[in-house]
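All remarks here apply to the structure that follows.
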Protein chains: 2
Amino acid sequence: MLSKKTKYAIHALTYLAKSSRQTPVIIREIAQEYCIPQKFLESILLELKKAGFLGSKIGKGGGYYLTKDPKKIKMAHILRMFNGPIALLPCVSLNYYESCAECVDEKQCGLHKMALEVRDAALKILLNKSLGDIVAFEELESC
Amino acid sequence: MLSKKTKYAIHALTYLAKSSRQTPVIIREIAQEYCIPQKFLESILLELKKAGFLGSKIGKGGGYYLTKDPKKIKMAHILRMFNGPIALLPCVSLNYYESCAECVDEKQCGLHKMALEVRDAALKILLNKSLGDIVAFEELESC
DNA sequence: TATAAAATCTATAGAATTACTAGACTTTTA
DNA sequence: TAAAAGTCTAGTAATTCTATAGATTTTATA
């Protein structure tokens with residue numbers, strides 16, 4: 001299951017992507033919109049900034065804004081950042097690989113094979129789903 | 001990611017499915033095979049028994065044994081028992097459904113839609129994968 | 001140039017979940 | 001009747017997740 005942190009991050013990104021304003025959006029506004037503890041959200045937005053998804057402007061009139069085209073922000077990337085591996089097992093994780101201590105040969109492990117299939121199926125969707133897709137769907141449906 | 005408990009449960013089931021013995025298998029033997037804390041494994045096997053996957057024989061010469069055909073034990077079932085929901089969000093979980101507090105209409109939620117796609121893809125695999133498949137794969141490969 | 005508004009930084013506390021342990025009890029077999 | 005096995009109740013330890021506190025820095029503007 002996605003952690004609260006992950007959901008908060010996605011909500012914030014969605015909000016920023018939908019904001020058609022030219023001025024940056026302040027943390028408090030996003031926090032209030034989704035009932036996110038403000039201090040918690042601060043650290044999330046900072047992480048997103050350091051990862052290159054957001055830019056910020058300090059001081060009065062400041063706030064956060066997207067620096068990337070929402071279509072270029074893959075959901076797989078966001079999930080990995082905040083939720084850790086997409087895979088069910090470390091031994092099939094592309095980004096967080098670890099071998100299993102008890103496993104002699106991964107190629108012979110039935111559980112490994114199963115986890116591989118699940119990972120491939122999930123990844124196929126998550127790599128092709130962007131923040132832009134999420135937003136576009138919501139704006140389409142609300143008509 | 002699968003919890004240790006889940007992996008322990010799967011290992012134990014796999015071991016029992018592979019055991020061609022006519023006598024029950026004792027906890028200690030399984031625990032040693034996979035370096036699982038014995039007391040922890042005891043509670044896991046008890047859960048599996050209460051869920052109808054295992055039978056047990058008490059007293060000297062006792063132990064645990066499978067009561068179902070491995071082909072009839074769906075991995076989706078085991079994962080849900082020990083690892084909780086397969087879905088990424090409670091609002092798309094078939095067995096652990098909960099609505100999101102912040103969500104006005106699930107049908108309009110882009111994240112909901114994404115989670116639904118991932119769940120369907122994962123479930124398609126996990127419902128069609130049985131303990132028997134896991135074991136068969138391992139016995140095939142080891143030739 | 002003082003003030004207010006905003007992000008940034010460091011540190012820590014609290015809550016929840018996961019993993020594991022201890023020990024007494026019951027049942028069965030030889 | 002003794003040893004070997006599962007069963008039951010309770011609790012502890014470790015880890016991860018969530019949240020908070022407070023000081024600092026930067027910037028706009030009155």
Side-chain angles (χ1 to χ4, degrees), chain A residues 1-12 16 21-32 34-51 53-67 79 81-85 88 90 96 98 101-102, chain B residues 1-12 16 21-32 34-51 53-67 79 81-85 88 90 96 98 101-102:
Chain A
M1 302 273 277
L2 299 184
S3 65
K4 285 193 179 183
K5 195 174 181 184
T6 307
K7 287 198 264 182
Y8 292 163
I10 296 173
H11 282 144
L16 289 172
R21 249 176 291 162
Q22 293 309 308
T23 55
V25 177
I26 65 174
I27 299 175
R28 182 159 30 82
E29 183 180 331
I30 305 175
Q32 283 176 352
Y34 299 103
C35 295
I36 304 173
Q38 182 165 338
K39 280 285 181 181
F40 197 25
L41 182 59
E42 283 179 16
S43 67
I44 293 168
L45 295 180
L46 215 46
E47 265 192 82
L48 284 167
K49 183 192 169 186
K50 284 174 182 164
F53 295 108
L54 301 182
S56 65
K57 194 178 168 218
I58 259 177
K60 198 168 186 176
Y64 282 97
Y65 49 89
L66 275 180
T67 50
L79 258 59
M81 260 186 78
F82 292 101
N83 216 60
L88 291 178
Y96 299 84
E98 266 181 57
E102 69 273 22
Chain B
M1 302 275 274
L2 300 185
S3 66
K4 285 191 177 185
K5 195 175 181 181
T6 307
K7 287 197 264 182
Y8 292 163
I10 296 172
H11 282 144
L16 290 172
R21 249 175 291 163
Q22 293 308 308
T23 55
V25 178
I26 64 173
I27 298 175
R28 183 158 30 83
E29 184 180 330
I30 305 173
Q32 284 176 351
Y34 298 103
C35 295
I36 305 172
Q38 182 164 338
K39 279 286 180 182
F40 196 25
L41 182 57
E42 283 180 17
S43 68
I44 292 168
L45 295 180
L46 215 47
E47 264 193 82
L48 284 167
K49 183 192 170 185
K50 284 176 181 162
F53 295 108
L54 300 182
S56 67
K57 194 178 167 218
I58 257 178
K60 200 168 182 176
Y64 282 98
Y65 48 89
L66 275 181
T67 50
L79 258 58
M81 259 186 79
F82 292 100
N83 217 61
L88 292 178
Y96 300 84
E98 267 180 58
E102 68 274 25

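Naming: A, B, ... by sequence-line order, numbering from 1 per chain.
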key: Per Ile58(B) side chain, nearest of listed nucleotides dT26(D), dT28(C), dT29(D)   = dT28(C)
ask   = Can you check the Lys60(A) NZ to dA28(D) C1' distance for me, whole Å?
value = 6 Å
request  = Tell me whether the OP1 or OP2 atom of dA19(C) has a side-chain N or O from Tyr8(B) closer than 4.0 Å.
outcome  = no
ask   = Any side-chain heavy atom of Glu47(A) within less than 4.5 Å of one from Phe82(A)?
value = yes
message = What is the separation between atom NE2 on His11(A) and atom P on dT18(D), rounded to the nearest whole Å?
response = 14 Å
ask   = Heavy-atom distance under 4.5 Å between the side chains of Tyr96(B) and Met1(A), does that happen here?
value = no
ask   = Want to settle it: does Gly63(A) or Gly61(B) sit nearer the 5' end of DNA chain C, counting the closest nucleotide to each?
value = Gly63(A)
Sugar-phosphate only, base, or nothing, as touched by Ile27(B) at under 4.0 Å among non-hydrogen atoms = sugar-phosphate
query = Of Thr6(A) and Glu42(B), whose closest DNA chain D nucleotide lies nearer the 5' terminus?
reply = Glu42(B)
task = Check every strand shown and say whether Lys50(A) touches a base, only sugar-phosphate, or nothing at a heavy-atom separation below 4.0 Å.
result = sugar-phosphate
message = Does the plane of the ring in Tyr8(A) sit parallel, tilted or perpendicular to the ring in Phe40(A)? Use 30° and 60° as the thresholds.
response = perpendicular
inquiry  = Using a heavy-atom cut-off of 4.0 Å across all strands, would you classify Phe82(B) as base, sugar-phosphate, or nothing?
reply    = nothing
request  = Return the value, rounded to whole Å, for the distance between atom CG of Leu54(A) and atom C1' of dA7(C).
outcome  = 13 Å
key: Distance-only donor-acceptor test, Lys39(B) side-chain atoms vs dG23(C) base atoms, 3.5 Å   = yes
message = Taking the side chain as everything from C-beta on, heavy atoms only, tell me whether Leu88(B) gets closer than 4.5 Å to Thr6(A).
response = no
task = Kindly say if Lys4(B) contacts the phosphate of dC20(C), meaning a side-chain N or O under 4.0 Å from OP1 or OP2.
result = yes
ask   = Rounded to whole angstroms, how far apart are OH on Tyr96(A) and P on dT16(D)?
value = 14 Å
request  = Measure the distance from CD on Gln32(A) to P on dA6(C) and round it to the nearest whole Å.
outcome  = 11 Å
query = Rounding to a whole Å, what distance do you find between Tyr64(B):OH and dA4(D):C1'?
reply = 14 Å
message = Rounded to whole Å, please give me the gap between CD in Glu47(A) and C1' in dC17(D).
response = 13 Å
request  = Could you state the atom-to-atom distance from CD1 of Ile36(B) to P of dC20(C) in whole Å?
outcome  = 10 Å
inquiry  = Between Ser56(B) (side chain only) and Gly63(B) (backbone N and O only), is there a donor and an acceptor less than 3.5 Å apart?
reply    = no
query = Within the pair Ser56(B) and dT7(D), is there a side-chain N or O less than 4.0 Å away from OP1 or OP2?
reply = yes
ask   = If you pin Gly59(A) and Pro37(A) to their nearest nucleotides in DNA chain D, which one's is more 5'?
value = Pro37(A)
inquiry  = It should be established whether Ser3(B) places a side-chain nitrogen or oxygen under 4.0 Å from OP1 or OP2 of nucleotide dT17(C).
reply    = no
